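What follows is a single structure, written as structure tokens, with notes after it.
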Amino acid sequence: MLGLLAAQGISDGAVRLLAEGLLYNVFSWLTILFALLVAWTGWGFGPMRAAERRAATTGQLLRPDAQPLVAEEIAGLKPVEGAPCRASDFLIPLGVMVGMIFVGLWVTGEGNLMAGSGSTAVFWAVATAVAVAMALYALPRPLRGGRPVLSLARSTHWCFGACRDW
């Protein structure tokens with residue numbers, strides 16, 4: 001989005017302009033409220049209600065003539081056996097990513113968040129969050145007898161395995 005503003009000749013204060021424009025995204029705010037309402041009440045409608053009923057009654061996740069949007073090798077991935085399900089495995093990388101966006105804006109804006117490069121900040125944040133998640137899974141876990149959930153080599157293969165096709 002910031003690149004589009006820059007292409008229009010708006011380079012000074014592009015982040016500020018983008019932040020101020022968020023107030024005028026009424027449809028976006030209504031969509032977020034609607035999603036929260038559906039999640040909170042469990043209300044379903046239309047094709048999604050039919051899909052949920054089919055999955056609950058038959059266990060069939062896809063309708064018979066459906067073409068999955070995800071490759072079979074990705075959809076068929078199973079969780080690591082014996083891996084604990086902890087909220088911190090999700091929340092720590094998420095917090096790192098959000099925090100690194102502000103760090104990236106501050107660094108690229110030379111101390112001014114509003115003058116920073118949004119795309120560079122997001123790239124740094126995502127790369128750092130992936131590295132932190134990989135490190136979390138590579139650390140020994142006491143409940144697994146001191147073994148890590150994933151070795152660094154295996155998590156690297158999972159993260160960058162698609163690059164071999166380039």
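In this text the structure is predicted, and so the values were computed from the model without any measurement. Side-chain atoms are counted along with the backbone in the values below, which use heavy atoms only and exclude waters and symmetry mates.
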Could you pull out all donor-acceptor pairs under 3.5 Å where a side-chain atom in residues 123-137 meets a protein atom, sequence neighbours excluded?
| residue | atom | partner | partner atom | Å |
| --- | --- | --- | --- | --- |
| T128 | OG1 | W124 | O | 2.7 |

Donor-acceptor pairs are to be reported for all side-chain atoms of residues 88-103 against protein atoms at under 3.5 Å, with residues two or more places apart or in another chain.
| residue | atom | partner | partner atom | Å |
| --- | --- | --- | --- | --- |
| D89 | OD1 | R141 | NH2 | 3.0 |
| D89 | OD2 | R141 | NH1 | 3.3 |

Taking distance alone, no hydrogens or angles, what donor-acceptor pairs closer than 3.5 Å link side-chain atoms of residues 22-34 to residues at least two apart or in another chain?
| residue | atom | partner | partner atom | Å |
| --- | --- | --- | --- | --- |
| W29 | NE1 | L22 | O | 2.9 |
| T31 | OG1 | F27 | O | 2.8 |

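Applying the side-chain hydrogen bond (donor to acceptor under 3.5 Å, both in side chains) rule to pairs touching residues 37-62 yields nothing, sequence neighbours excluded.
Considering only residues two or more places apart in sequence or on other chains, V70 meets the side-chain contact (heavy atoms from CB on, under 4.5 Å) condition with I74, A75. The side-chain contact (heavy atoms from CB on, under 4.5 Å) check on A66 picks up L62, R63, with sequence neighbours excluded.
Here the shortest heavy-atom pairing between T108 and G116 reads OG1-CA, 3.3 Å.
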